[in-house]
Amino acid sequence: AQSVAQPEDQVNVAEGNPLTVKCTYSVSGNPYLFWYVQYPNRGLQFLLKYITGDNLVKGSYGFEAEFNKSQTSFHLKKPSALVSDSALYFCAVRGYILTGGGNKLTFGTGTQLKVEL
Amino acid sequence: ETGVTQSPTHLIKTRGQQVTLRCSSQSGHNTVSWYQQALGQGPQFIFQYYREEENGRGNFPPRFSGLQFPNYSSELNVNALELDDSALYLCASSRDRERSGELFFGEGSRLTVL
């Protein structure tokens with residue numbers, strides 16, 4: 001079964017500094033990996049995905065993620081953090097629904113990002 | 001704004017009661033998935049509906065059931081509510097059973113069971 005792990009419950013960064021939110025994965029076969037963001041009392045918003053190709057994936061709001069097959073990691077990065085980036089970030093992996101033929105996402109436990117002035 | 005709307009946004013029920021949550025999918029989307037997000041946890045897959053039929057479910061008991069209507073909107077029903085059912089219930093719509101993996105989430109229905 002596929003899974004993702006987010007080792008940090010919270011990441012604190014000063015505004016203007018680079019940020020990294022970590023994610024490692026465990027899948028059989030090629031991974032389809034995603035990052036979603038959740039603002040307080042809101043649903044999840046898609047940020048970016050890796051399916052195949054370039055190991056550096058660019059997404060919304062200036063975020064990017066680096067896929068590393070040898071380390072089974074998919075870390076989210078941003079060169080210069082903003083206070084408005086403060087939110088809950090989820091890494092996810094796509095898996096098959098065995099009984100139905102469709103796909104589902106398995107999410108990590110989330111990392112709270114706090115960007116301070 | 002994703003175009004996915006959920007109702008109600010908040011509700012309080014007591015143990016043993018039943019609840020129905022509703023979701024309108026984004027225009028053009030024929031697949032609806034439901035996820036449960038307990039406090040401090042990531043969303044957990046409940047089940048998926050595709051063209052009005054259940055397309056698979058996660059590790060949830062049968063008292064969690066659903067429907068999808070011809071306009072692709074969906075309902076989640078939970079019978080015999082338990083305290084552990086307290087959570088944010090998220091609906092996500094997509095095209096063609098989420099092949100791309102990019103889901104469009106509503107803002108959720110927060111259920112409190114007392």
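Reminder, nothing fancy here: chain letters follow the sequence lines and each chain counts from 1.
A/V4 and A/V27 end up in the same hydrophobic cluster when Ile, Leu, Val, Met, Phe, Trp and Tyr side chains are linked at under 4.5 Å. Cluster annotation: B/F60 is connected to B/V19 through the hydrophobic network of ILVMFWY side chains, with a link wherever side-chain heavy atoms come within less than 4.5 Å. Cluster annotation: A/I51 and A/F67 are assigned to distinct hydrophobic clusters (Ile/Leu/Val/Met/Phe/Trp/Tyr, side-chain heavy-atom contacts under 4.5 Å, transitive).
Rounding to the nearest 0.5 Å places CD of B/E102 at 14.5 Å from OH of A/Y32. The structure places OH of B/Y35 at 10.0 Å from CG of A/L44, a figure rounded to the nearest 0.5 Å.
The minimum heavy-atom distance between A/F90 and B/P43, with the atom names listed, is CE2-CD, 4.0 Å.
Remark: the backbone N or O of A/K104 is not paired with any side-chain donor or acceptor of B/Q48 at under 3.5 angstrom.
For B/L39, the CG atom is loosely surrounded, since the number of other residues' heavy atoms within 6.0 Å does not exceed 12. The 12-atom threshold is not exceeded at CG of A/N30, counting heavy atoms of other residues, nucleotides or ligands nearer than 6.0 Å. Within 6.0 Å of the CD atom in A/Q10, the count of heavy atoms belonging to other residues, nucleotides or ligands exceeds 12. The 12-atom threshold is exceeded at CZ of B/R63, counting heavy atoms of other residues, nucleotides or ligands nearer than 6.0 Å.
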Could you give me the CA-CA distance, side-chain angles and deciding distance for A/F34 and B/L103, then say whether side-chain contact (heavy atoms from CB on, under 4.5 Å) is met? CA-CA 10 Å; A/F34 305 84; B/L103 301 180; over 6 Å; no

Please evaluate residues A/F107 and B/F45 with respect to the criterion side-chain contact (heavy atoms from CB on, under 4.5 Å), reporting the C-alpha separation (whole Å), side-chain torsions for both, the decisive distance (0.1 Å), and the verdict. CA-CA 9 Å; A/F107 289 87; B/F45 175 73; over 6 Å; no

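Only the side chain of B/Q37 comes within contact range of chain A, with at least one heavy atom under 4.5 Å from a heavy atom of that chain. In this structure, chain B has no heavy atom under 4.5 Å from any part of A/Q6.
For an aromatic pair to be called close, the ring centres must be under 6.0 Å apart, and A/F46 with B/F105 fails this.
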